[in-house]
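These numbers were taken from a predicted model, which means no experiment stands behind them. In the text below, chain A, chain B and the rest are named by the order of the sequence lines, each starting its count at 1.
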Amino acid sequence: MWAWVTRDIAPGLLDRGVRVARCHDLDLVGRILVGRGMLAPGDEPEPVTPAHANPAPGGAALFDADEVEHGEADDHDRLVARLDRQLAALDRARDGGALRVLVRAESAGALCAAEMRHAGLPFSVDRHEEVLLDVLGPRGPGGRPVHLEEAGALVRAALGDPRASLDSPRELVRALRRAGLDVETSSKWELWGVDHPVVEPLMRYRHLYRLLTANGWAWRADWVHDGRFRPEYVPGGVVTGRWATSGGGALQLPREIRSAAVADPGWKLVVADAAQLEPRILAAMSGDVGMARAGAERDMYLAFVERGVVPDRDSAKVALLGAMYGSTTGRSATLLPSLERAFPRAMATVAHAARQGERGEQVATWLGRTSPDAAPGVRPRDHGRFTRNFIVQGTAAEWALVWLAGLRFALARLTGAASPAGAPLESTPHLCYFLHDEVVVHTPERLAERVSDTIRQEAERAGRLLFGNTPVSFPVSIAIVDDYGAAKGS
DNA sequence: CATCCAAGCGCG
DNA sequence: AAAGCGCGCTTGGATG
């Protein structure tokens, strides 16, 4: 077990072919403990902005928890003191069991993130080029793709305004209003309600423009090297405990270009998606027996319909999402009373979290990550909606961390290694992409079926580890594919 | 000149 | 159609 700041140390080790089995990430754990008030903010160093954080030179912040191996004495002493404070705080915790699980999972997640960045998502420049040429067309004389220019010309023709500016929302609204459209914004939903020949080409123009600017040639030049897309993941980067990214936009990879993520020859991508994760999490954490029984089913939404709670599957989804997000209007609000009748404890759980937030109190996830205080000026109702969702989104993130952490070990064992430390990252099945409730494993073809089984087993194990004997299951939909775009749902 | 914000849209 | 949660990234335009 290593205690360190993973972001600083792991990349250099991975460059040298070294993986470790486990770690205790001082930054990530420190943040959790400070958030809970178990450590004073002054006990932890000021966080470094991840995007500009540079790896410490020569492993200066590296040491073994039991025995000093490296490191300048000063740094070493400071880090040991930090670790001591964190371990002591964990010892003092009244019910530290869940928190220890969180600490381990959060740290394991940091290792996963470093390894995924190191391995990268296999990415074919040729296939990406095909998509760009197909959708955007070749780049014309001005450097702008011809299909984009064509769509732009159609927009300007429909507006009768050859000089209309299309890339600035404010200018665009003015141009639309000059052309007689009664719109306040240029947003998609408002334009969809307008009957005018400009709408179709404008939608197309914006779609193409988005692809060009967010995932076009410039993006590829910045983020794809040696056949791998290597974004920077930021574990714990979202207040709820979800990961964020810093550069590369890995968590917004559009479906349109996922077909460019192609497995190496003789290898496969195993794409796995936890089905209806957040509703299942709510069912398990609230202890609502009826909802947990529905959560035992493969399709939870359909189970709602079969029990006569809602008329159809789409209503089930809208109602449940509305309940977890704090919707107060529209269809989901109409469906809420019947949800409350059928699943009183589940609904009370989110309602209670909302009230706590409205009163300015912290709420906590299942494993004990706490919500931040409301920023000044935030209305209580808005903060209540945030805390309502926080407990579910944050617990789902914890489930996903446990899933990832278990998977990392199980994949190593598939190759006969005792732990990830004994499995060479890039020549054995490894995680290569993660998206909140979805993972992609890059694996030699002959192991793909066993990888699938392992992913499913680890999902169920994550559920047991968090919730014990709940009836709720955590099914995973899996596709073994040559390219990410061929996975169901893509 | 750098930096910040809003709009819009990609993802869950 | 959004509504109701959490993000990152790009652009243009305003502000320092």
Contact list (N/O, under 3.5 angstrom) for nucleotides 1-7 of chain B vs protein:
none

Short side-chain N/O contact to [N] OP1/OP2 from [X], under 4.0 Å:
{"X": "A:Ser168", "N": "C:dT11", "answer": "no"}
{"X": "A:Arg258", "N": "B:dG10", "answer": "no"}
{"X": "A:Lys188", "N": "B:dG10", "answer": "yes"}

May I ask you to decide if [Y]'s main-chain N or O and [X]'s side chain share a donor-acceptor pair within less than 3.5 Å?
{"X": "A:His352", "Y": "A:Met347", "answer": "no"}
{"X": "A:Arg280", "Y": "A:Ala274", "answer": "no"}
{"X": "A:Arg385", "Y": "A:Gly326", "answer": "no"}
{"X": "A:Glu398", "Y": "A:Leu367", "answer": "yes"}

Expressed in angstrom and rounded to an integer, what is the separation of [X] atom [atom1] from [N] atom [atom2]?
{"X": "A:Arg369", "N": "C:dG6", "atom1": "CZ", "atom2": "P", "value": "15 Å"}
{"X": "A:Leu277", "N": "B:dG12", "atom1": "CG", "atom2": "C1'", "value": "10 Å"}
{"X": "A:Phe434", "N": "C:dG8", "atom1": "CZ", "atom2": "P", "value": "15 Å"}
{"X": "A:Trp189", "N": "C:dA3", "atom1": "CH2", "atom2": "C1'", "value": "10 Å"}
{"X": "A:Gln252", "N": "B:dC11", "atom1": "CD", "atom2": "C1'", "value": "6 Å"}
{"X": "A:Tyr325", "N": "C:dC5", "atom1": "OH", "atom2": "C1'", "value": "5 Å"}
{"X": "A:His436", "N": "B:dG12", "atom1": "NE2", "atom2": "C1'", "value": "4 Å"}
{"X": "A:His207", "N": "C:dC9", "atom1": "NE2", "atom2": "P", "value": "20 Å"}

Of all the choices, [options], which nucleotide is nearest to the side chain of [X] once you look at every atom?
{"X": "A:Val239", "options": "C:dC5, C:dG6, B:dG10", "result": "C:dG6"}
{"X": "A:Thr329", "options": "C:dA3, B:dG10, C:dG12", "result": "C:dA3"}
{"X": "A:Tyr209", "options": "C:dA1, C:dT11, C:dC7", "result": "C:dT11"}
{"X": "A:Arg206", "options": "B:dG12, B:dG10, B:dG8", "result": "B:dG8"}
{"X": "A:Arg210", "options": "C:dG13, B:dG12, C:dC9", "result": "C:dC9"}
{"X": "A:Thr240", "options": "C:dG6, B:dC11, C:dT10", "result": "C:dG6"}

task: Over 60° means perpendicular and under 30° means parallel, so classify the ring planes of A:Phe474 and A:Phe467, tilted if in between.
output: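 Parallel: the ring planes of A:Phe467 and A:Phe474 meet at under 30°.
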task: Can you label the angle between the A:His430 ring and the A:His442 ring as parallel, tilted or perpendicular, going by 30° and 60°?
output: perpendicular
Salt-bridged, [X] to [Y], with N to O below 4.0 Å?
{"X": "A:Asp299", "Y": "A:Arg313", "answer": "yes"}
{"X": "A:Glu460", "Y": "A:Arg456", "answer": "no"}
{"X": "A:Arg258", "Y": "A:Asp483", "answer": "no"}
{"X": "A:Glu361", "Y": "A:Arg355", "answer": "no"}
{"X": "A:Lys317", "Y": "A:Asp314", "answer": "no"}
{"X": "A:Arg177", "Y": "A:Glu184", "answer": "yes"}
{"X": "A:Glu106", "Y": "A:Arg31", "answer": "no"}

- prompt: Nearest nucleotide by nearest heavy atom, which residue falls closer to the 5' end of DNA chain C, A:Ala250 or A:Arg242?
  reply: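 Nearest nucleotide further toward 5': that of A:Arg242.
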Students often get this wrong, so: under 4.0 angstrom with heavy atoms, is [X] touching a base, only sugar-phosphate, or nothing?
{"X": "A:Glu278", "value": "nothing"}
{"X": "A:Gly237", "value": "nothing"}
{"X": "A:Leu253", "value": "sugar-phosphate"}

query: What do the steps show when you test A:Tyr433 against A:Trp243 for ring pair (Phe, Tyr, Trp, His ring centres under 6.0 Å), and what is the final call?
result: CA-CA 12 Å; A:Tyr433 189 67; A:Trp243 290 9; over 10 Å; no
message: Side chains of A:Ser259 and A:Arg127 only: does a donor on one sit below 3.5 Å from an acceptor on the other?
response: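 No donor-acceptor contact under 3.5 Å links the two side chains.
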message: Does either side chain, that of A:Ser286 or that of A:Thr349, offer a donor lying less than 3.5 Å from an acceptor on the other one?
response: no
Residues within residues 381-393 of chain A bordering DNA chain B, heavy-atom distance below 4.0 Å: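 By residue number: A:Gln393.
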task: State which residues pass ring pair (Phe, Tyr, Trp, His ring centres under 6.0 Å) with A:Phe386; sequence neighbours excluded, sorted by chain then number.
output: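 With neighbours one apart ignored, the set is A:His383, A:Phe390.
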message: Can you list, in residue-number order, the parts of residues 190-204 of chain A that come under 4.0 Å of DNA chain C, counting heavy atoms only?
response: A:Trp192
- prompt: Of all of residues 108-141 of chain A, which get a heavy atom below 4.0 angstrom from DNA chain C, listed by number?
  reply: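 Going residue by residue through residues 108-141 of chain A, none turns out to have a heavy atom under 4.0 Å of DNA chain C.
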task: Would you mind telling me which of A:Asp264, A:Val481, A:Thr443 makes a side chain to side chain contact (heavy atoms under 4.5 Å, CB included) with A:Leu269?
output: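 The passing option is A:Val481.
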task: Can you pull out how bent the helix from B:dC1-C:dG16 to B:dG12-C:dC5 is, comparing the axes over its first five and last five pairs, to 10°?
output: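 Taking five pairs per end, the axes differ by 10°.
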